[in-house]
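In what follows, a structure is listed as structure tokens, so that the remarks can point back to it.
Both ligands and their constituent atoms are indexed starting at 1 by order of listing. Bear in mind the structure is a predicted one, so any value in this text is a computation, not a measurement.
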Amino acid sequence: EKNGFDTFMLKEIHEQPRAYRDTMRGRIDEANQSVVLPGMHLTDEQARDVRHIQMVACGTAYHAALVGKTVIERLTRIPVEVDLASEYRYRMPVVPDHTLVIAVSQSGETADTLAAMKEAKERGARVMAITNVVGSSVAREAEDVLFTLAGPEIAVASTKAYTSQLIAFYLLALRMAEARGTIDKVMLVEMLALLERLPVQVEEMLQRLQPIEQLAHQITRHEHLFFIGRGLDYSVAMEASLKLKEISYIHSEAYAAGELKHGSLALIEEGTPVIALATDERLLEKTISNIKEVKARGAYVIGIALEGNMELAKTADHVIYVPHTHALLTPAVAVIPLQLLAYYTATLRGNDVDKPRNLAKSVTVE
Ligand code: M6R
């Protein structure tokens with residue numbers, strides 16, 4: 001059932017192009033160039049009525065929500081807050097009128113996420129879910145459900161569930177932007193075309209990412225490392241860092257690149273690996289100056305850049321290139337090489353990649 005792959009995780013990484021297609025299937029109306037979300041009861045009028053969005057999730061789903069926040073804010077201008085479900089449930093959250101709460105959960109059975117949804121409901125919010133499991137508790141607790149349809153995910157470390165949550169957020173943000181009139185038709189058509197191109201782009205990228213296995217040798221003997229990035233690159237850095245930690249057991253931290261010199265720069269010494277995500281062209285210069293700062297302290301830098309970028313190679317020790325797409329869609333390509341980097345690093349260390357120590361696939365108790 002591993003389909004020729006050594007592990008479920010590797011199989012699931014390679015299933016991502018298919019998962020992207022499955023998440024999009026039937027949800028893009030080609031004739032009208034519009035997004036349709038049949039599972040959602042939220043009408044256009046109700047979508048126009050939303051004034052605040054709060055998201056609750058744990059772990060990788062939380063990282064997907066962070067991307068969702070940027071995408072929804074950019075396309076709809078609705079302010080979005082993202083909370084860890086375990087914090088939200090106990091922090092006596094302020095839930096103003098016209099708040100939509102979105103819970104994100106692969107399994108749909110995470111105890112904290114469910115409790116956060118209940119808390120939000122009690123405080124009067126409309127609750128929506130993005131989940132992979134039809135009939136799950138989270139799906140049942142929500143008024144509107146957007147299923148990710150990524151297929152079963154067996155490996156404890158989430159890969160295709162995360163990326164299909166990103167696709168779900170893109171669809172949701174576009175739908176809400178259409179309903180609210182905050183996106184013009186030209187941009188909508190362009191974004192839909194780029195969204196539909198993602199599966200092919202990821203397929204092509206997966207075919208040429210073999211050298212990442214070599215790169216993993218560079219980090220496998222280290223005990224700590226950093227991921228840095230700005231904006232969406234920072235959100236992806238957080239997910240990449242969690243992936244590496246949970247399966248390789250190497251300590252890593254994701255830092256907003258601009259925050260480095262406020263403390264953690266002190267930890268950089270000769271040879272410390274720093275994985276620098278620099279796909280956001282608007283912030284490229286800023287991130288490059290942060291890369292220079294860590295390089296000057298002896299860091300070994302692996303950069304993630306868009307194909308055709310000549311700048312990063314001048315400062316980084318090694319650059320992994322990801323395909324061009326809309327800036328908001330870039331997380332759906334940028335995370336892929338980092339999933340593989342975590343995977344190969346863990347494999348080189350001889351770890352059980354599918355079942356990392358101390359962790360369960362679904363955290364149904366607090
Ligand atoms: O099933 P959920 O999406 O609610 O699970 C949330 C987290 O437990 C989960 O994403 C966890 O962080 C993964 N092991 C990450 O790979």
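The heavy-atom pair separating Thr287 from Leu277 by the smallest distance is CG2-O, 3.7 Å.
The distance from ligand 1 to the heavy atoms of Ala61 drops below 4.0 Å at these ligand atoms: 3 (O), 10 (O). Taking every heavy atom of Ala157 and a limit of under 4.0 angstrom, the matching atoms of ligand 1 come to 16 (O). Taking every heavy atom of Ser105 and a limit of under 4.0 angstrom, the matching atoms of ligand 1 come to 1 (O), 2 (P), 3 (O), 4 (O). Each of the following atoms of ligand 1 lies closer than 4.0 Å to a heavy atom of Glu246: 13 (C), 14 (N), 15 (C), 16 (O).
Summarising the contacts of atom 3 (O) of ligand 1 with Gln106, Lys243, Met9, Gln339, the nearest heavy atom is found in Gln106.
Considering backbone and side-chain N/O atoms, Lys361 never comes within less than 3.5 Å of an N/O atom of ligand 1. Considering backbone and side-chain atoms together, Val156 places an N or O closer than 3.5 Å to an N or O of ligand 1. Polar contact check, Gln165 against ligand 1: no nitrogen or oxygen pair lies under 3.5 Å apart.
Arg89 and Asp112 are joined by a salt bridge, as a carboxylate oxygen and a charged side-chain nitrogen come within less than 4.0 angstrom of each other. Salt bridge Glu81/Arg91: present, at least one basic N to carboxylate O contact under 4.0 Å. The pair Glu12-Lys160 does not count as a salt bridge, with every side-chain nitrogen at least 4.0 angstrom from each carboxylate oxygen. Ion pairing between Arg197 and Glu190 fails under the 4.0 Å rule for side-chain N and carboxylate O. Using a cutoff of 4.0 Å between basic side-chain nitrogens and carboxylate oxygens, Glu73 and Lys69 are scored as salt-bridged.
With respect to atom 8 (O) of ligand 1, the closest heavy atom belonging to the protein is Val363 CG2, 4.0 Å. Looking only at protein heavy atoms, the nearest one to atom 4 (O) of ligand 1 is Thr110 OG1, 2.4 Å. Nearest protein heavy-atom neighbour of atom 15 (C) of ligand 1: Thr60 OG1, 2.9 Å. For atom 1 (O) of ligand 1, the closest non-hydrogen atom on the protein side is Ser107 OG, 2.6 Å.
At least one heavy atom of Cys58 sits under 4.0 Å from some atom of ligand 1.
The only member of Gln106, Glu246, Lys243 that meets side chain to side chain donor-acceptor pair (under 3.5 Å) when paired with Thr60 is Lys243.
For CZ of Arg123, the number of neighbouring non-hydrogen atoms (other residues, nucleotides, ligands) closer than 6.0 Å is greater than 12.
Panel note: side chain Asp352, backbone Arg357; no donor-acceptor pair is recorded below 3.5 Å.
Proximity of Glu109 to ligand 1, defined as any heavy-atom pair under 4.0 Å, is not found for any part of the residue.
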